[in-house]
Participant: 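One structure coming up, written as structure tokens, with questions to follow.
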Amino acid sequence: MQLHTIGILGTGMIGSALARLCVEQGYDVILSQSKNASALKQSLGDKAKIASVEEVAFQSDLVIAAIPFSAYQMLPVKALSSKIVIETMNYYPSVRDGHFPDLDQAHLTSSEMIQHHLKDSFVVKALHNLDFHHLYANARPLNHPERTTLPVAGDDEAAKQTVIEFIQHIGYNAVDIGTLSESWRIEPGTPLYVWPYVPTIPDEFNEEQARQYYLTHAGKPLTASQVKEMAANTQRHFPVGGYAEDLPTIHTQLVAEIYQQRQAK
């Protein structure tokens, strides 16, 4: 499936990083209306435009849902019918989303819950397991020695292949780790979430040196076989979901600073 136009629902930190990657690789991008969309569009130039959520869904060849998990029911079911939807949403019950009993008790994965809502769409879990800075900064050209590999999960084989090819185009290798019921293997708190894609900071660095190192370096590149093995060997953990203390301290500081800057505007 040849893709020309990528719709991005959500123009926060993850959505913005993905929009930039898409435009840099020649895709047209349609951003959903939000308070951040105008500034983002201006930085992206003529390859980007802003539209309503329904228009984004109808006009795009592929849609990326980059909104908080707790808002997933706002995704338009009819407009997204028959569309491939990459969902980047991560379940953070204590710091953002509140508790969903079916997730807390592991009756469903968060991706399965989204698929149940988007019953006529092809949901693929991907592009969710990097922090926003490294999602953009770690992208590398094909065959670059530092190009790393991302995991993908989904129930439809053709949809997953389309997403894998898209990810390859925007700067990463990608590998299928299974169905949406297996997507817990790549959720927050698992070995493939954030940490492999960020650098190990030398112990002797002070706070400022550590921050600069974090912003200018990536984790060691992962091969497809390493990603598959890490996913296969992951143990399901409880409580389910992500917690701020499980993330790199510098990442949480960067997020807090960005929120403060936006609130000050």
Participant: If you take all heavy atoms of Ser32 and Thr11, which pair is closest and at what distance?
Facilitator: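 Closest approach of Ser32 to Thr11, heavy atoms only: O-CG2, 4.0 Å.
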Participant: Quick one: are Thr162 and Phe122 in side-chain contact, heavy atoms under 4.5 Å?
Facilitator: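 SC-SC contact between Thr162 and Phe122 ruled out.
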Participant: Do Asp131 and Tyr214 have side-chain N/O donor and acceptor atoms under 3.5 Å apart?
Facilitator: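 Checked: Asp131/Tyr214 side chains pair up, N/O donor to acceptor below 3.5 Å.
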Participant: For Met113, which fellow cluster members are found when Ile, Leu, Val, Met, Phe, Trp and Tyr are connected by side-chain heavy-atom distances below 4.5 angstrom, either directly or through intermediates?
Facilitator: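 Result for Met113 is Leu9, Ile30, Val53, Val56, Val63, Ile67, Phe69, Tyr72, Leu75, Val77, Leu80, Val85, Met89, Tyr91, Phe100, Leu103, Leu108, Ile114, Leu118, Val123, Leu180, Phe238, Val240.
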Participant: Would you check if the side chain of Arg147 reaches a backbone N or O of Arg140 as a donor-acceptor pair within less than 3.5 Å?
Facilitator: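 The answer is yes, because a donor-acceptor pair under 3.5 Å joins these two groups.
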Participant: Is there any salt bridge (charged side-chain N to carboxylate O under 4.0 Å, His left out) pair reaching into residues 82-99, and which pairs are they, with sequence neighbours excluded?
Facilitator: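 Qualifying pairs: Glu87-Lys125.
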Participant: Taking all heavy atoms of Val29 and all of Ala19, pick out the closest pair and write down the distance.
Facilitator: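 In this case the closest contact between Val29 and Ala19 is CG2-O, 4.1 Å.
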Participant: We want to know whether Tyr27 and His169 form a side-chain donor-acceptor pair, criterion being a heavy-atom distance below 3.5 angstrom.
Facilitator: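 Yes, side-chain donor-acceptor contact under 3.5 Å.
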Participant: Is Arg211 paired with Glu208 through a side-chain N to carboxylate O contact shorter than 4.0 Å?
Facilitator: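 Looking at Arg211 together with Glu208, the answer is no, because their closest N to O distance does not fall below 4.0 Å.
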Participant: Supply the atom-to-atom distance Glu165 CD to Ile170 CD1, rounded to the nearest 0.5 angstrom.
Facilitator: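 The distance works out to 13.0 Å.
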Participant: Measure across Gly242 and Pro188 and return the closest heavy-atom pair with its distance rounded to 0.1 Å.
Facilitator: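 Residues Gly242 and Pro188, closest heavy atoms: CA-CB, 3.4 Å.
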Participant: Rounded to the nearest 0.5 Å, what's the gap from NE2 on His117 to CD on Gln73? Could you check?
Facilitator: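 Result: 6.5 Å between the selected atoms.
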Participant: Can you tell me how far apart CG (Leu21) and CG (Leu127) are? Round to the nearest 0.5 Å.
Facilitator: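 The distance works out to 8.5 Å.
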Participant: Applying side-chain hydrogen bond (donor to acceptor under 3.5 Å, both in side chains), can you list everything that pairs with Lys49, at least two apart in sequence or on another chain?
Facilitator: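 Per chain and number, Lys49 pairs via side-chain hydrogen bond (donor to acceptor under 3.5 Å, both in side chains) with Gln59.
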Participant: Look up atom CG in Leu40 and atom OG in Ser34, then write down how far apart they are to the nearest 0.5 Å.
Facilitator: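 If we round to the nearest 0.5 Å, Leu40:CG and Ser34:OG are 8.0 Å apart.
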Participant: Rounded to the nearest 0.5 Å, what separation is found between the CD atom of Glu157 and the OG1 atom of Thr179?
Facilitator: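 Reported value, rounded in 0.5 Å steps: 9.5 Å.
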Participant: I need the Asn90 CG to Tyr92 OH distance, nearest 0.5 Å.
Facilitator: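 It comes to 5.5 Å.
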Participant: Mind listing the closest non-hydrogen atom pair of Tyr197 and Asn138 along with its distance?
Facilitator: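 Reported closest heavy-atom pair: O-ND2, 2.9 Å.
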Participant: For Ile6 and Ser60, which heavy atoms make the closest approach, and how far apart are they?
Facilitator: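 Closest pair (atom of Ile6, atom of Ser60, distance): C-OG, 3.9 Å.
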Participant: Does either side chain, that of Gln253 or that of Glu257, offer a donor lying less than 3.5 Å from an acceptor on the other one?
Facilitator: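 Their side chains do not contain a donor-acceptor pair, so the 3.5 Å distance test is not met.
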Participant: May I ask you to decide if the ring planes of His251 and Phe132 are parallel, tilted or perpendicular, using 30° and 60° as cut-offs?
Facilitator: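 Tilted, since the angle between the ring planes falls between 30° and 60°.
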Participant: Give a yes or no on this: more than 12 heavy atoms of other residues, nucleotides or ligands lie within 6.0 Å of atom CD of Gln42.
Facilitator: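 Not more than 12 within 6.0 Å, no.
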Participant: List the atom of Leu222, the atom of Thr149, and the distance in Å for their closest heavy-atom pair.
Facilitator: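 Where Leu222 meets Thr149 most closely, the heavy atoms are O-OG1, 2.7 Å.
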